[in-house]
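Whatever order the structure lists ligands and atoms in, that order sets their numbers, starting from 1. On a predicted model such as this, the values are computed, not experimentally measured, just so you know. No hydrogens, no waters, no symmetry mates; every other heavy atom, side chains included, goes into these values.
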Amino acid sequence: MNVYVDGGHRPLGQMLTNTRLKRTTQIDVIKTGLGAYHTTGSCWLNSIVSEFIVSTNLRAALDPFAGKGDMLNLVGSELSMQKSGYDIDEGAGWGVNDSLVSIPRSSGSICITNPPFLAKYSARRKSIWPMVGGYYERYGRNDLYEIALDRCLDSFGHVVAILPETFLHSAYSKDRCERIVVLEENPFNDTTFPVCVTCWSPATGQDPDIYVGEDKVAQYSDIVRLRRSVGRSGRVVFNHPKGNIGLRAVDGTKEGDRVGFFPGNVFDYPRSRIKTSSRLMTYIMVGELNNEKAIQEFCDASNEILEKYRDETSDTILSGFKGNNRLGKRRRRLDYGLARKVVTEALEAMGSIPAS
Ligand SMILES: C[S@@+](CC[C@H](N)C(=O)[O-])C[C@H]1O[C@@H](n2cnc3c(N)ncnc32)[C@H](O)[C@@H]1O
């Protein structure tokens, strides 16, 4: 049976891949709607996460989105914990429960989970709104993982949750969050979605430690301070097809292909492809840079400031981008809020604009 969505135009799971040509692709409805990407790898349980779990003195682990029980099995074998779980899929073999609505409390247990992730706009684009739309409407959240995390924090004092790495820069409250561990290794075998492991406890007013793998790289408040945005101004216009500066806002797969600013006349990207929604490659118009020398100096200053930020935070100031580069390092994306801050600081550092 076809369930038609999107004003009756698209059947369930027909993802819109080209709006202009109305091109669609059929996706796996159950896998996407349930977020059924199982945590088959063990890299998520590194020494930082293990130490947190052990410090709680809790001997039982409960996964409210248990799937095949991969996370539970790992803490069972590595930390000798008792295991229990729920899943909405009765075929999974756990107690059946809709854990996006409520999770039975279980005193003496730590919640250890990798909940479903699905952004609201993706649910619409992938035409699976009839399966999951009610959750966003009921709880006013923009991603299923946020709803899942709300329920986990409601029912448990201590929580370990694998979340999208974008959580780090999201507005979701980190008040009870103790640690955020960015994983560069991939714990899944069917997706390269960048993730982090978050560790939560009952105490409020926390400022989480940020790790990349097992290395502590920053405090959450440091990253917030560095990212503090600057106001918009007509000085700098992003996504301007005639812009004099090129911006590659995402790392490439080759080691040297990093996010960077380039003189527009040498930036090898078709200007005809710039749209208001361009996010990875674009042109920026900085009207006051009116000669080649000034443009080059501006690019050098912007790249230096950006590299300093990357270095200070071991890259966590930038968003994770799908897949790693050929050296296994997480690719990163520069959002335009931070890009605006970098270029504004570059203009300030230059003082007066050099004449040609
Ligand atoms: C990303 S998988 C994770 C499975 C397991 N935690 C792991 O890490 O391997 C998410 C699981 O959540 C289940 N699920 C999705 N929506 C759910 C809901 N509303 N209530 C309970 N389980 C749900 C799916 O069936 C799937 O098994």
Side-chain angles (χ1 to χ4, degrees), residues 12-13 27-46 49-50 53 60-79 81 83-106 109-120 122-123 126 128-139 141 143-156 158-167 181 183 185-200:
L12 192 69
I27 55 145
D28 181 336
V29 172
I30 300 297
K31 189 161 179 133
T32 308
L34 294 181
Y37 296 92
H38 300 287
T39 318
T40 47
S42 59
C43 61
W44 66 271
L45 189 63
N46 67 10
V49 179
S50 297
I53 297 173
L62 189 148
D63 186 345
F65 304 91
K68 294 187 177 146
D70 296 296
M71 296 182 79
L72 290 172
N73 290 338
L74 192 66
V75 291
S77 63
E78 294 290 314
L79 304 174
M81 299 188 84
K83 313 175 273 187
S84 62
Y86 301 107
D87 203 285
I88 201 162
D89 175 6
E90 54 189 45
W94 305 98
V96 174
N97 184 58
D98 188 341
S99 302
L100 291 175
V101 174
S102 73
I103 306 172
R105 287 175 195 267
S106 170
S109 295
I110 175 170
C111 171
I112 297 187
T113 194
N114 165 26
F117 315 158
L118 187 65
K120 188 170 158 182
S122 292
K126 294 177 178 171
I128 48 176
W129 193 257
M131 277 180 79
V132 293
Y135 294 117
Y136 306 102
E137 283 170 351
R138 181 167 174 185
Y139 298 112
R141 290 287 198 183
D143 198 298
L144 290 188
Y145 87 76
E146 297 174 332
I147 300 169
L149 188 56
D150 288 344
R151 297 292 86 74
C152 293
L153 294 171
D154 285 347
S155 295
F156 294 84
H158 294 91
V159 174
V160 169
I162 296 182
L163 301 178
E165 205 202 290
T166 49
F167 166 78
V181 180
L183 292 183
E185 234 183 291
N186 182 8
F188 310 113
N189 61 14
D190 49 2
T191 174
T192 56
F193 204 85
V195 290
C196 57
V197 190
T198 58
C199 303
W200 306 75

- request: Kindly assign one of parallel, tilted or perpendicular to the pair F117 and F193, based on the angle between their ring planes and the thresholds 30° and 60°.
  value: tilted

task: Please assess W44 against V181 for the test side chain to side chain contact (heavy atoms under 4.5 Å, CB included), listing each intermediate value before the final yes or no.
output: CA-CA 9 Å; W44 66 271; V181 180; over 6 Å; no

Can you tell me which residue and heavy atom of the protein come closest to [atom], and the distance to 0.1 Å?
| atom | result |
| --- | --- |
| atom 24 (C) of ligand 1 | L34 O, 3.4 Å |
| atom 10 (C) of ligand 1 | G35 O, 3.4 Å |
| atom 20 (N) of ligand 1 | S99 N, 2.9 Å |
| atom 3 (C) of ligand 1 | N114 O, 3.1 Å |
| atom 4 (C) of ligand 1 | F65 O, 3.2 Å |

Point-to-point distance, once rounded to the nearest 0.5 Å, from [atom1] of [X] to [atom2] of [Y]:
| X | Y | atom1 | atom2 | result |
| --- | --- | --- | --- | --- |
| L100 | E146 | CG | CD | 12.0 Å |
| D150 | S155 | CG | OG | 11.0 Å |
| H38 | F188 | NE2 | CZ | 10.5 Å |
| D154 | C111 | CG | SG | 11.0 Å |
| T166 | Y145 | OG1 | OH | 5.0 Å |

Please tabulate, for side-chain N and O atoms in residues 66-73, each donor-acceptor pair with protein atoms closer than 3.5 Å (sequence neighbours left out).
from, atom 1, to, atom 2, distance (Å)
N73, OD1, K83, NZ, 3.0
N73, ND2, G69, O, 3.2

Answer side chain, backbone, both or neither: which part of [X] comes under 4.0 Å from ligand 1, heavy atoms only.
| X | answer |
| --- | --- |
| M71 | side chain |
| Y135 | side chain |
| P64 | backbone |
| N97 | backbone |
| D63 | side chain |
| Y37 | backbone |

Can you sort out which atoms of ligand 1 are near [X], meaning under 4.0 Å from one of its heavy atoms?
| X | answer |
| --- | --- |
| L100 | 19 (N) |
| H38 | 4 (C), 9 (O), 27 (O) |
| P116 | 15 (C), 16 (N) |
| D98 | 18 (C), 19 (N), 20 (N) |
| G67 | 4 (C), 27 (O) |

message: Counting only heavy atoms, tell me which of V132, T39, D87 gets closest to atom 27 (O) of ligand 1.
response: D87

- prompt: I112 and side-chain contact (heavy atoms from CB on, under 4.5 Å): which partner among D63, T39, I53?
  reply: I53

Does [X], backbone or side chain, put an N or O under 3.5 Å from an N or O of ligand 1?
| X | value |
| --- | --- |
| D89 | no |
| Y86 | no |
| K68 | no |
| I88 | yes |
| T113 | no |

query: For R141 and Y136, which heavy atoms make the closest approach, and how far apart are they?
result: O-CD2, 3.5 Å

Quick one: does any side-chain atom of [X] pair with a main-chain N or O of [Y] as donor and acceptor, under 3.5 Å?
| X | Y | answer |
| --- | --- | --- |
| N46 | V49 | yes |
| S77 | L74 | yes |
| D143 | L118 | yes |

